[in-house]
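Because the structure is predicted, anything quoted here is derived from the model rather than measured. By convention in this document, chain letters (A, B, ...) are assigned in the order of the sequence lines, proteins followed by strands, and residues within each chain are numbered from 1.
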Number of protein chains: 2
Amino acid sequence: MPLATLRRKFPLFAGFGRSEFESLEKCLVRRRYSCGQTLFHMGDEGGSLHLIERGRVKVTIPSTSGEELILAILGGGELLGELSLFDGKPRSATVQALETTETFCLHRKDFLALLRNRFDIVEKLLEVLARRIRETNALLADRYFLDITSRLAKKILDLGDAFGIQEGRQVRIGVNITQKNLASMIGATRESINKQFKAFRDQDLVRACGGTIVILNREGLVRKASIFPKP
Amino acid sequence: MPLATLRRKFPLFAGFGRSEFESLEKCLVRRRYSCGQTLFHMGDEGGSLHLIERGRVKVTIPSTSGEELILAILGGGELLGELSLFDGKPRSATVQALETTETFCLHRKDFLALLRNRFDIVEKLLEVLARRIRETNALLADRYFLDITSRLAKKILDLGDAFGIQEGRQVRIGVNITQKNLASMIGATRESINKQFKAFRDQDLVRACGGTIVILNREGLVRKASIFPKP
DNA sequence: GACCGGGTATGAAATGCTTCACCGCGGGGG
DNA sequence: CCCCCGCGGTGAAGCATTTCATACCCGGTC
């Protein structure tokens, strides 16, 4: 991969020059995962970091009874598996590929060595972690304060922002998300999602179209997401 | 505050020598908050970091209808308000003193300057952030997978670990936690907590004693916390 | 001393969500 | 080619929690 591409794809390394690039390149190992494959399991020993080159993965916490909670869906350019790097503890979640996914894998000691000399990378990393914390806090708050209708509307909007493809006045969500996945993202059963989703469809807010979701009326969804269910 | 005290109270600065100490000391501003006072509100501009010297605070997210979700209770030696420092965004939560609390306040640019030269502090910071993420993820997972009984048992155990004072075979939780607070920690109503708490009392797992909780039977609580409600 | 606000206690009624049961569809593998 | 499994769809019943209503106790204060 040329330097320019690296810098474009991974803002983390935006400040890199040629010499740093060359020493970094030696440490990167390319990894390829097909759809459904798991990168690692919660509880595993974790000594490496992934940079997602292309594809998408889901970050989940499994329950002992086989259900799963989806914490995040990550795509190209994003960082993955950094937690274990910083505290040396086991993997905090399971990660599975949702599509064919390619990553660059970087080992703990190489990465820490990298950090030591580059304060700009440290700054960006701190920012990434801060964002993760904000996101999880928001999820938690939503789960406390909102009912399923609002949570679903919000989640659809989020997905639209993260993976949306503009199509005229509509936005198509560019990942295949099953209703079951939606359910484990917002903490509800598939059946509840199904019913709520139908309600949104009946109100012409969204459309389902071969596995992907299309947002028809963004404003309407925003209203659903924020109207307060307990007045 | 002498250097030795600083190093003992705040592991973050364990590696500090005399000269660094002197330059740090110039930047620290002592702040005092009485019980109930708020340090800052969610949404505020946030340009500073607090090191808690003594006392305890609660970190909360308020809902628009006046309820609150308690994300964490922090005590002496802990860090507070670091998120806004790293991403420049507004305060992600409201923080209120639960007791008389004294902190050292450090401004953004002073802190960043500190970081720039001290990789050991960066490492510890990353560790702190990683731990926060793990904790929030765990809260979220609990909220998804466990019922109120298990969540309450778990929370009581957590509080015991964090603020417990050994008293013979018992552990007294050294903070005044109202049932309402417990409720906003685990995401339930005060009434539900009350009933569940009574159940625990009837089983001689815990005892309430003038505002504080005493754990009588740790093992029993552990069992309650982990037995799976949906078999 | 009377009043009031905040915390605790408790039961009955209401309800949002889950559980369960069932159906149809489509696609991938034997 | 057919079978089965995973996904979407839907209604009825069940239930965990919330909501509501009420009461008591305690400490402060007017």
Pairs involving residues 28-45 of chain A, ordered by first then second residue, that meet salt bridge (charged side-chain N to carboxylate O under 4.0 Å, His left out) (sequence neighbours left out): A:R30-A:E53, A:R30-A:E102

Rounding to a whole Å, what distance do you find between [X]:[atom1] and [N]:[atom2]?
X      : N      : atom1 : atom2 : value
B:L152 : D:dA16 : CG    : P     : 17 Å
A:R143 : C:dG16 : CZ    : C1'   : 12 Å
B:I148 : C:dC17 : CD1   : C1'   : 14 Å
A:D147 : C:dA14 : CG    : C1'   : 16 Å
B:L182 : C:dT8  : CG    : C1'   : 13 Å
B:Y144 : C:dC17 : OH    : P     : 13 Å
B:E67  : D:dT19 : CD    : P     : 8 Å
B:Q196 : D:dT17 : CD    : P     : 8 Å

Euclidean distance, B:L71 CG relative to A:Y144 OH, rounded to 0.5 Å: 8.5 Å

Not counting sequence neighbours, which residues clear side-chain hydrogen bond (donor to acceptor under 3.5 Å, both in side chains) with [X]? List them please.
X      : value
B:N217 : none
B:N194 : B:Q179
A:R218 : A:D161
B:S34  : B:Q37

Contact under 4.0 Å: B:S192 side-chain N or O vs D:dT18 OP1/OP2: yes

Nucleotides 4-11 of chain D: protein proximity per nucleotide (B base, S sugar-phosphate only, - neither; heavy atom, under 4.0 Å): ---SBBBB

